[in-house]
Amino acid sequence: MGLAMQDYREFIDEILVDENTIGKRVAELGAQISNDYQGQILLVVCLLRGGLMFTADLTRHLTIPHSLDCMSLSSYGMGHYSSSGNVRVNLDLMTNIEGLNVLLVEDIVDSGRTLAHVLQMLKTREPRSLKVCVLLDKKYRREVPVDVDYVGFDVPDKYVFGYGIDIDEHFRNLRFIASADMQKYKKSS
Ligand code: PRP
């Protein structure tokens, strides 16, 4: 990874979801989840790294008791647009989820391979319930069917970045979600 990183303004295509719109939708999802799990105990599972920002904001809108755990999965090589089809577990849960209500929180579902893999893996551990909340859904790219219970926004089939989603491991800190013109993007060396 190079020390100098290109300014995103040189390759941004358009802002797909601005900060204010993200904030409102995350608050709505937090309220809906709090309502749906009323009286139950919830384990929120953040799928690292993309789900980090979303999980941090979403959980601060939950009004029900919940605990938090993380998993790290990789499905893409750096800078790749499409899924490699290989999902690797880099970090597993610390919590024994048997009998628990588990909500997976993910930044984006694209081919569906990552979620399909983790859902299959976690089901064998016999949670009481297992649901999925994604901020972004690239519906038209689905290759593997996957049930998603809560969706923030549908996004077009473009390279998206910001609010947890990277390009070559950068730009996760941006407060908005944008599409990138990858012809204009120069990969750092
Ligand atoms: C991205 C994203 C999802 C997955 C979605 O993760 O965070 O986990 O790809 O793609 P899919 O539906 O085609 O499987 P990535 O492997 O880039 O890791 P990261 O979260 O660390 O950025």
Side-chain angles (χ1 to χ4, degrees), residues 1-2 5-6 8 11-13 16-17 22 25-26 29 43-59 68-94 97 102-125 127 130-182 185 187-188:
M1 227 175 293
M5 192 63 201
Q6 194 178 354
Y8 70 83
F11 61 80
I12 194 167
D13 176 30
L16 297 173
V17 196
I22 293 173
R25 185 68 187 126
V26 173
L29 287 169
L43 173 70
V44 174
V45 172
C46 172
L47 296 187
L48 298 170
R49 289 159 289 180
L52 189 59
M53 310 297 173
F54 180 36
T55 305
D57 289 342
L58 181 71
T59 53
L68 178 65
D69 205 342
C70 299
M71 288 183 86
S72 171
L73 305 157
S74 302
S75 63
Y76 288 72
M78 284 212 334
H80 288 207
Y81 180 64
S82 56
S83 175
S84 64
N86 299 316
V87 179
R88 194 176 64 220
V89 179
N90 305 312
L91 174 75
D92 205 340
L93 293 172
M94 292 175 73
I97 63 168
V102 176
L103 179 68
L104 293 180
V105 180
E106 175 66 301
D107 55 346
I108 186 164
V109 54
D110 189 319
S111 71
R113 289 183 192 284
T114 304
L115 276 176
H117 184 92
V118 71
L119 284 168
Q120 189 184 29
M121 186 176 133
L122 295 185
K123 269 179 197 158
T124 65
R125 301 181 190 180
L130 183 56
K131 289 190 177 184
V132 176
C133 177
V134 298
L135 185 67
L136 305 179
D137 190 352
K138 265 193 195 174
K139 277 200 176 88
Y140 300 107
R141 286 179 47 85
R142 202 75 90 251
E143 293 169 21
V144 178
V146 61
D147 289 331
V148 178
D149 302 279
Y150 305 95
V151 177
F153 305 96
D154 289 328
V155 283
D157 183 8
K158 292 182 171 181
Y159 203 125
V160 298
F161 69 105
Y163 197 71
I165 303 173
D166 70 303
I167 299 181
D168 287 347
E169 296 306 329
H170 289 75
F171 312 113
R172 293 189 197 268
N173 62 320
L174 297 177
R175 293 173 185 268
F176 54 82
I177 292 154
S179 56
D181 180 339
M182 296 309 281
Y185 174 74
K187 194 170 166 57
S188 55

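Just so you know, residue 1 is the first one in the sequence shown, and it goes up from there. Just so you know, ligand 1 is whichever comes first in the structure, and atom 1 is the first atom listed for that ligand. A quick note: this is a predicted structure, and the numbers were derived from the prediction, not measured.
- Near Ser111, meaning under 4.0 Å from any of its heavy atoms, are these atoms of ligand 1: 11 (P), 12 (O), 13 (O), 14 (O).
- We find the CG-CZ distance between Asp57 and Arg25 to be 14.5 Å, quoted to the nearest 0.5 Å.
- Heavy atoms from both the backbone and the side chain of Thr114 come within less than 4.0 Å of ligand 1.
- For Asp69, the side-chain hydrogen bond (donor to acceptor under 3.5 Å, both in side chains) partners at least two apart in sequence or on another chain are Thr95.
- Under a cut-off of 6.0 angstrom, the local environment of CG in Asp181 is crowded, with over 12 non-hydrogen atoms contributed by other residues, nucleotides or ligands.
- The distance from ligand 1 to the heavy atoms of Ser74 drops below 4.0 Å at these ligand atoms: 16 (O).
- Close contacts of ligand 1 with Asp166, meaning ligand atoms under 4.0 Å from a residue heavy atom, involve 22 (O).
- Every atom of ligand 1 with a heavy atom of Gly50 under 4.0 Å away is listed here by number and element: 19 (P), 20 (O).
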Working note: Asp137 + Arg142, criterion salt bridge (Lys or Arg N to Asp or Glu O under 4.0 Å); need CA distance, chi angles, decisive distance, verdict.
CA-CA 9 Å; Asp137 190 352; Arg142 202 75 90 251; 2.8 Å; yes

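- Met53 and Asn173 make their closest contact through CE-CA, 4.2 Å (heavy atoms, listed as atom of the first residue, atom of the second, distance).
- Here Arg141 has no heavy atoms under 4.0 Å from ligand 1, in either its backbone or its side chain.
- Only the side chain of Arg172 comes within 4.0 Å of ligand 1, counting heavy atoms alone; its backbone N, CA, C and O stay farther away.
- For Arg172, the salt bridge (charged side-chain N to carboxylate O under 4.0 Å, His left out) criterion is met by Asp166, Glu169, not counting sequence neighbours.
- Applying the 4.0 Å criterion to heavy atoms of Ile108 picks out, from ligand 1, the atoms 2 (C), 3 (C), 5 (C).
- A heavy-atom separation below 4.0 Å is found between Leu48 and ligand 1.
- Classified by interplanar angle (parallel below 30°, tilted 30° to 60°, perpendicular above 60°), the ring pair Phe54/Tyr163 is tilted.
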